[in-house]
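Report on one structure; see the data block that follows.
Treat the numbers as computed from the prediction; the structure is a model and nothing was measured. Throughout, a chain's letter reflects where its sequence line sits, starting with A, and its residues are numbered from 1.
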Protein chains: 2
Amino acid sequence: MNARSVSRLARLQQALAGGGTLHLRDAARLCGVSEMTIRRDIDASDGAMTLLGGRLVMADNPQFAPVYDLDRQQYSHAMTKRRLCERAAGFLADGDTLFVDCGTTLLPLVNLLASHERLTVVTYALNVANAVSLLPGVRLVLLGGLFHASSRSFGSDDMNAVIGRLGINRAFISAAGVHAQRGVSCFHFHEVAPKQAAIACAEQRLLVVDESKVGQIRPAYFAQLDDFDVVITDGDMTLPQADGGPRIVAA
Amino acid sequence: MNARSVSRLARLQQALAGGGTLHLRDAARLCGVSEMTIRRDIDASDGAMTLLGGRLVMADNPQFAPVYDLDRQQYSHAMTKRRLCERAAGFLADGDTLFVDCGTTLLPLVNLLASHERLTVVTYALNVANAVSLLPGVRLVLLGGLFHASSRSFGSDDMNAVIGRLGINRAFISAAGVHAQRGVSCFHFHEVAPKQAAIACAEQRLLVVDESKVGQIRPAYFAQLDDFDVVITDGDMTLPQADGGPRIVAA
DNA sequence: CATTCAATGTTATATTTTTAACATTGTGCG
DNA sequence: CGCACAATGTTAAAAATATAACATTGAATG
């Protein structure tokens, strides 16, 4: 690698310093050489930059890394969640205003909304909001606030009041732990307020949890099992189906 | 676009939510359909995702925007925005609480934040929030409310009050029109409240607009030019640099 | 000045990606 | 049921990108 080659690489790296991509054609014109020379520069270099479909990118940028780490175990979990959500979607009605909780459990539910009319989705989860924002016919209300990376959701002091002002008629709640005596819990304390507010306001309350959550107790308690009208699960809910308790739906 | 198509897109978007790329082949296998179907899904969608050399990426991720393209005028716009944002980033200081406006103009700014410490970003734009949520060292406050697909941002009645409670010291505002007499305007009325609130509260107000906006008048007026401390533009701002007026910075 | 050789350019060929066309499947409906 | 039509699959062709081979340039050197 010669001095001119190094100088070209530096120039290109400079162009890409703030992120972004540079087409090979433009890189070549920027340096006043042929595309082949740029290719050879990249090949001979330390690998700081690479070509991705004809575009020059910084190789260490994680944005360009393939996400395909969806191994079998994760996939089967996804299948379970999808099945649970298909059951959950059976409770939907046209014109509903839904509360959709954070986490990955309820994400497949978003995909099933398109078959209903005039839906409004209320959520405090960024991933849910992103998914709903793609649906043309569904109104989206995002409860904002400070972002919590751990749950990819938002929290704020007045969330309780804001949720109270919305006419939520169906709340889909997820949880990290469900225990017959110790109730329903999650990992993060910032999730407690929105969950409780939604449970308090909604006409119908549905808990959606896969088997792995049943029998668990997590740090942040947020509800008793009887606070729910319906529990949708594939787990072994050997609860006394007694008076006042939720209706258990197996998926 | 049918329900299954929407469901596949949502699924793929979920896979890409944390950034990264997904090869068309893997996207097809993930959804259990052919590559052609994925291509058609993406064509029919609103452009949230695009293919880049056979890889699926989130289109609004500024990391995938070309930094330089000599041919297509569309990309020269992207380059201009990047340059504007590089200038804008020069005003940042450690510990800042920033307001970042919606649209694509300020998106490249997010990637320039990493070099500063203890930043907080306040925004009402979904694309800005997504970009910031990926930065480990930056706090994110999203101003929630009803989602407006036209600007991919949120609006609510109490946005004014919420912004007032935050200690914003630098507001980066974008606009669709800047006119010497008729002031600064945008397309959508729902953007007016958050913009005005941010202008009212911030210690320093920076307007970032490319040349194409200068001289234009858009439906929703939201500020006079003197309401800003700094205007960053590549356009022909032949304003009297008089007393009280903003400082014009050319990029 | 001719020779050498690295650097670069040019052209050809292979591979991959994109687009287009047509075949097949499946779903809703009279 | 059987038709119509949308959704998807399959295949072929076109365009773009990657690799390889060979040609040209130009500076260094004896």
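Judged by distance alone, the side chain of A:Asp229 and the main-chain N or O of A:Pro246 form no donor-acceptor pair under 3.5 Å. Side chain of B:Arg8 to backbone of B:Val6: no donor-acceptor contact under 3.5 angstrom is found. In this structure, the side chain of B:Arg218 engages the main chain of B:Ala176 through a donor-acceptor pair within 3.5 Å. Remark: side-chain polar atoms of B:Arg152 are not paired, donor with acceptor, to backbone N or O of B:Ala125 under 3.5 angstrom.
If you measure from atom NE2 of A:His23 to atom C1' of D:dT17, you get 8 Å, rounded to the nearest angstrom. Rounding to whole angstrom units, CD1 of residue A:Ile38 and P of D:dT19 are separated by 16 Å. Here the P atom of nucleotide C:dT15 and the CZ atom of B:Arg25 are 15 Å apart, to the nearest Å. If you measure from atom CG of A:Leu22 to atom P of D:dT17, you get 13 Å, rounded to the nearest angstrom. The separation between A:Leu51 atom CG and C:dT17 atom P is 14 Å, rounded to whole Å. Atom-to-atom, CG of A:Asp43 to P of D:dT19 comes out at 7 Å; the value is rounded to the nearest Å. Between the P atom of D:dT8 and the CZ atom of B:Arg40 lies a distance of 8 Å, rounded to the nearest Å. Here C:dT16 presents its C1' atom at 14 Å from CG of B:Leu52, a figure rounded to the nearest Å.
When distances run from any side-chain atom of B:Arg4 to the nucleotides D:dA18, D:dT8, C:dT17, the shortest one goes to D:dT8. Checking C:dT19, C:dG9, C:dT18 against every side-chain atom of B:Leu24, the shortest atom distance belongs to C:dT18. Distances from the side chain of A:Ser34 to the nucleotides C:dT18, D:dA18, C:dG9 place C:dG9 closest. Here D:dA18 is the nucleotide among C:dT10, D:dA18, C:dT19 with the atom lying nearest to any side-chain atom of A:Arg39.
Contact annotation: B:Thr37 does not reach the phosphate of D:dA7 (side-chain N/O to OP1 or OP2, under 4.0 Å).
Backbone-only engagement by B:Arg8 is indicated by non-hydrogen atom pairs under 4.0 Å involving sugar-phosphate atoms exclusively.
Nearer to the 5' terminus of DNA chain C, by closest-nucleotide assignment, is the contact made by B:Arg55 (compared with the other of B:Arg55 and B:Met36).
Taking each heavy atom of A:Asp96 and A:Phe91 in turn, the nearest pair found is OD2-O, 4.4 Å.
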